[in-house]
Amino acid sequence: MGKQMTEMLKGTLEGIVLALLAEQPAYGYDITARLREHGFTDTAEGTVYALLVRIEQRGLVDVEKVPSEKGPPRKVYTLNAQGTHELAEFWKTWNLLARRIDGLNPAIAPDTDVPNDTKNTHTTNEEN
């Protein structure tokens, strides 16, 4: 992963992890594995664990310690109502930014019938 990708990922990793937890509860190593399955292959486990500590401290997840066959109990993270709200805000912001960035990208053919500020290439019902 290039430096630019690493820098962009820093600002979005929290939302990506919240989206994974919205699919199903998980523990740290499982989240890292799922990130890799989604193409985020260079994401370090330490980065994920540090992020999990932050989102736990912010009250975005509920944590349950579950016995492990090997070693200490695992902390299983479940997205709670506050985390669900934060994820909705992430998608709203992401969609707005993606539309604006797409509007600057000459590789994306503009739709001549629709002005760039109303063109909706990345939308959800919760936008704006």
Side-chain angles (χ1 to χ4, degrees):
M1 190 177 326
K3 183 178 179 176
Q4 189 174 50
M5 177 67 92
T6 300
E7 290 300 314
M8 291 176 126
L9 189 56
K10 282 181 187 178
T12 57
L13 188 58
E14 179 179 299
I16 294 166
V17 169
L18 293 176
L20 291 175
L21 291 174
E23 292 175 355
Q24 68 185 48
Y27 57 96
Y29 180 80
D30 184 42
I31 293 168
T32 303
R34 288 170 57 201
L35 283 166
R36 291 181 178 143
E37 288 171 9
H38 286 280
F40 301 102
T41 55
D42 292 337
T43 305
E45 269 185 72
T47 301
V48 173
Y49 284 106
L51 183 136
L52 290 171
V53 168
R54 286 194 307 275
I55 65 174
E56 179 181 359
Q57 289 173 342
R58 290 179 51 213
L60 305 179
V61 292
D62 295 327
V63 180
E64 178 184 359
K65 288 189 177 182
V66 176
S68 172
E69 292 177 13
K70 302 175 187 175
R74 292 180 175 163
K75 289 174 93 173
V76 176
Y77 298 85
T78 302
L79 196 65
N80 61 25
Q82 188 173 342
T84 300
H85 175 75
E86 188 71 21
L87 178 58
E89 288 298 313
F90 168 80
W91 286 128
K92 182 178 177 181
T93 303
W94 175 262
N95 289 325
L96 177 66
L97 286 172
R99 268 198 338 268
R100 289 181 179 171
I101 291 168
D102 285 351
L104 295 171
N105 185 348
I108 298 175
D111 183 351
T112 56
D113 294 344
V114 181
N116 275 346
D117 62 337
T118 59
K119 187 169 29 172
N120 210 351
T121 58
H122 303 274
T123 60
T124 68
N125 290 336
E126 299 184 27
E127 241 180 283
N128 299 344

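All values below were derived from every heavy atom in this structure, side-chain atoms included, with hydrogens, water molecules and symmetry-related copies excluded. Starting from 1, each residue takes its place in the sequence as its number.
Shown here for Tyr29 and Tyr49, the closest heavy-atom pair between the two residues is N-OH, 3.0 Å. Thr78 and Pro25 get closest at one heavy-atom pair: OG1-CB, 3.4 Å. Pairing each heavy atom of Trp94 with each of Thr12, the nearest pair is CZ3-CG2, 3.6 Å. Ala26 and Ile31 make their closest contact through CB-CG1, 3.6 Å (heavy atoms, listed as atom of the first residue, atom of the second, distance).
The salt bridge (Lys or Arg N to Asp or Glu O under 4.0 Å) contacts involving residues 57-77 comprise Glu14-Arg58, Glu56-Lys75, Arg58-Glu86, where partners must be two or more places apart or lie in separate chains.
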Stepwise side chain to side chain contact (heavy atoms under 4.5 Å, CB included) test for Leu35 and Leu13: CA-CA 10 Å; Leu35 283 166; Leu13 188 58; 4.1 Å; yes
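How far CZ of Arg100 is from CG of Asp102: 12.5 Å, rounded to the nearest 0.5 Å. To the nearest 0.5 Å, the span separating CZ on Phe40 from CG on Leu20 amounts to 8.0 Å. Atom CG of Leu60 is separated from atom CG of Leu21 by 10.0 Å, given to the nearest 0.5 angstrom. For the atom pair Leu79 CG and Leu87 CG, the distance stands at 6.5 Å (nearest 0.5 Å). Atoms CG and CH2, on Leu96 and Trp91 in that order, are 14.0 Å from each other to the nearest 0.5 Å. Taking CG from Leu51 and OH from Tyr77, the interatomic distance works out to 10.0 Å, rounded to the nearest 0.5 Å.
Glu7 has a carboxylate O that lies under 4.0 Å from a charged side-chain N of Lys10, or vice versa, which qualifies the two as a salt bridge.
The closest side-chain heavy-atom distance from Asp30 to Val76 is not below 4.5 Å.
For His38, the NE2 atom is densely surrounded, since the number of other residues' heavy atoms within 6.0 Å is greater than 12. Within 6.0 Å of CD on Gln4 lie no more than 12 heavy atoms contributed by other residues, nucleotides or ligands.
Arg36 places a side-chain N or O within 3.5 Å of a backbone atom of Thr43 that can act as its donor or acceptor partner.
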